[in-house]
Structures are given as structure tokens and as C-alpha cells.
A.B. asks: 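I am attaching a structure below and will ask some questions about it afterwards.
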Amino acid sequence: VQLQASGGGLVQAGGSLRLSCAASLRTFSNYVSAWFRQAPGKDRNFVAGISRSGVNTYYADSVKGRFTVSRDNAKNMVYLQMNSLKPEDTAVYYCAVASVEPFAVGVPKNQYEYDYWGQGTLVTVSS
């Protein structure tokens, strides 16, 4: 199983980036997916998550209204559209997938509940 994140880079404050995550999972649609980020010297934190169908999305308060998570199960892809970027958004961004109970509500916010991880892509926002 492999997750490949891409799309990071250097952007000025107020700018936008779109991250992509390609998953080599035969049953990708059975997994919830999420984006986490880790700034230098800090813990890895939940940013956004999406249900198996893509209908329900969840966000950290710090990115709500600026970031949008989406997925394309036909292509085994997850995306994170990031708008109005701020210097405090600077971090390595990771995509992850988790197998949850069929009737579970929401997505896990705890990184240890995720089964597979991408390698991370660096986002740097300059002021």
C-alpha cells in the first residue's frame, strides 16, 4: 500500500495551493481519509478529513472556511485545496487513510488511528 502526496511548494501569504494524494489501495472507497500537518518542532495535527463517500467533511478550526478537502474514489485520489494561506500554515502536510467501523460517525482526529500514510509534502507560506 502506498500513498503519494504532492503539490506542496512556496507561496506568499494570501495565496493558494492544491495538494493531491494518490492511493494504491484496491478498496480505497472503504477508507476515510484525512490530511495532517506538522510544523517544525511541533506535533502532527489533524487538518481536514473526509468520509468514505466524500459527502461529509471535517476541518480543524484553524483552517475552516479556507481549506477544502475532497476525494475522487474512481481515481483513488484525495485533495486539499488551500486558500488564503497564512505563514502559520507552513508545515509538512501528510495524507492518511483509516479503516473505521461501517457505521462510525466522523473521521478520527488522532493520527494513531490511521493505517497508512503518505510521505509528506512541504508547504511554505511567506509573509
Side-chain angles (χ1 to χ4, degrees):
V1 174
Q2 186 175 16
L3 299 181
Q4 184 74 34
S6 62
L10 174 63
V11 63
Q12 288 189 330
S16 298
L17 281 175
R18 188 194 195 207
L19 305 183
S20 299
C21 178
S24 63
L25 280 165
R26 291 175 57 189
T27 56
F28 176 68
S29 60
N30 289 349
Y31 292 80
V32 300
S33 186
W35 290 92
F36 286 75
R37 67 186 181 187
Q38 187 169 21
K42 296 189 176 182
D43 293 334
R44 187 178 299 186
N45 293 316
F46 175 86
V47 174
I50 189 165
S51 62
R52 284 171 287 229
S53 65
V55 170
N56 298 306
T57 56
Y58 308 88
Y59 299 94
D61 288 343
S62 59
V63 306
K64 206 170 290 184
R66 299 188 298 122
F67 290 12
T68 302
V69 61
S70 61
R71 66 190 293 165
D72 184 338
N73 286 340
K75 297 180 179 179
N76 281 21
M77 296 290 296
V78 183
Y79 306 98
L80 185 67
Q81 177 67 42
M82 305 186 295
N83 298 329
S84 302
L85 282 162
K86 305 175 181 180
E88 51 264 43
D89 295 319
T90 294
V92 177
Y93 284 71
Y94 299 89
C95 58
V97 295
S99 177
V100 299
E101 293 297 320
F103 299 103
V105 176
V107 301
K109 306 289 178 61
N110 186 331
Q111 61 174 314
Y112 299 106
E113 296 187 56
Y114 283 80
D115 301 300
Y116 303 108
W117 289 84
Q119 85 288 4
T121 185
L122 177 62
V123 172
T124 304
V125 184
S126 63
S127 57

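Atom set for the values below is all heavy atoms of this structure, side chains included, hydrogens, waters and symmetry mates excluded.
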A.B. asks: Say whether, by atom type as modelled, one donor and one acceptor occur between the side chain of N76 and the main chain of A23 under 3.5 angstrom.
C.D. replies: yes
A.B. asks: What distance separates L25 CG from N30 CG, expressed to the nearest 0.5 Å?
C.D. replies: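 Here the rounded value is 9.5 Å.
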A.B. asks: Starting at SG of C21, measure out to CZ of F28 and round the result to the nearest 0.5 Å.
C.D. replies: 7.0 Å
A.B. asks: In this structure, would V92 and W117 fall into the same cluster of hydrophobic residues linked by side-chain contacts under 4.5 Å?
C.D. replies: yes
A.B. asks: Using side-chain heavy atoms (C-beta onward) and a distance below 4.5 Å, is D89 in contact with R66?
C.D. replies: yes
A.B. asks: Can you confirm whether V78 sits close enough to S33 that some side-chain heavy atom of one is under 4.5 Å from a side-chain heavy atom of the other?
C.D. replies: yes
A.B. asks: What about V97 and Y93, same hydrophobic cluster or not, with Ile/Leu/Val/Met/Phe/Trp/Tyr joined at side-chain heavy-atom distances under 4.5 Å?
C.D. replies: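 Same cluster: V97 reaches Y93 through Ile, Leu, Val, Met, Phe, Trp or Tyr contacts under 4.5 Å.
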A.B. asks: Locate the shortest heavy-atom distance separating T121 from G7; write the atom from each residue and the value.
C.D. replies: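 What the structure gives for the nearest pair is OG1-N, 4.0 Å.
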A.B. asks: Answer yes or no: is there a side-chain heavy-atom contact under 4.5 Å between Q119 and Q4?
C.D. replies: yes
A.B. asks: Any chance NZ of K42 has more than 12 other-residue heavy atoms, nucleotides or ligands included, within less than 6.0 Å?
C.D. replies: no
A.B. asks: State, yes or no, whether a side-chain contact exists between Q12 and S126 at a heavy-atom distance under 4.5 Å.
C.D. replies: yes
A.B. asks: Side chains of D72 and Y79: does their closest heavy-atom pair fall under 4.5 Å?
C.D. replies: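 The answer is yes; the side chains approach within 4.5 Å.
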A.B. asks: With distance as the sole test, does T90 use its side chain to make a donor-acceptor pair with the main-chain N or O of V125 at under 3.5 Å?
C.D. replies: yes
A.B. asks: Rounded to the nearest 0.5 Å, how far apart are CG of N56 and OG of S51?
C.D. replies: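 Separation between the atoms: 4.5 Å.
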A.B. asks: Stepwise, does the side chain to side chain contact (heavy atoms under 4.5 Å, CB included) test hold for Y31 with V107?
C.D. replies: CA-CA 10 Å; Y31 292 80; V107 301; over 6 Å; no
A.B. asks: Would you say V63 and R37 make side-chain contact, with heavy atoms under 4.5 Å?
C.D. replies: yes
A.B. asks: Hey, what do you get for OG (S99) to CD (E101), rounding to the nearest 0.5 Å?
C.D. replies: 8.0 Å
A.B. asks: Look up atom NZ in K109 and atom OH in Y114, then write down how far apart they are to the nearest 0.5 Å.
C.D. replies: 8.5 Å
A.B. asks: Would Q111 and Y94 satisfy side chain to side chain contact (heavy atoms under 4.5 Å, CB included), going step by step from the backbone distance to the final call?
C.D. replies: CA-CA 10 Å; Q111 61 174 314; Y94 299 89; over 6 Å; no
A.B. asks: S16 and N83: which non-hydrogen atoms are nearest, and at how many Å?
C.D. replies: OG-OD1, 2.9 Å
A.B. asks: Taking atom OG1 of T57 and atom CZ of R71, what is their separation to the nearest 0.5 Å?
C.D. replies: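 Answer for the OG1-CZ pair, T57 versus R71, is 12.0 Å.
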A.B. asks: How are the rings of F36 and F46 set relative to one another: parallel (under 30°), tilted (30 to 60°) or perpendicular (over 60°)?
C.D. replies: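 Aromatic pair F36/F46 classed perpendicular.
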A.B. asks: Do V100 and W35 sit in the same hydrophobic cluster, where Ile, Leu, Val, Met, Phe, Trp and Tyr count as joined when their side-chain heavy atoms come under 4.5 Å apart?
C.D. replies: no
A.B. asks: Give the minimum heavy-atom separation between A91 and A39, together with the two atoms involved.
C.D. replies: CB-N, 3.8 Å
A.B. asks: Considering all heavy atoms of both residues, which atom of M82 and which atom of L19 are nearest to each other, and what is their separation?
C.D. replies: CE-CG, 3.7 Å
A.B. asks: Does S20 reach the side chain of M77, with side-chain heavy atoms less than 4.5 Å apart?
C.D. replies: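 With C-beta onward as the side chain, the pair touches.
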A.B. asks: Under the side chain to side chain contact (heavy atoms under 4.5 Å, CB included) test against L80, which residue among V69, T68, I50 passes?
C.D. replies: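 The single option meeting the side chain to side chain contact (heavy atoms under 4.5 Å, CB included) with L80 is V69.
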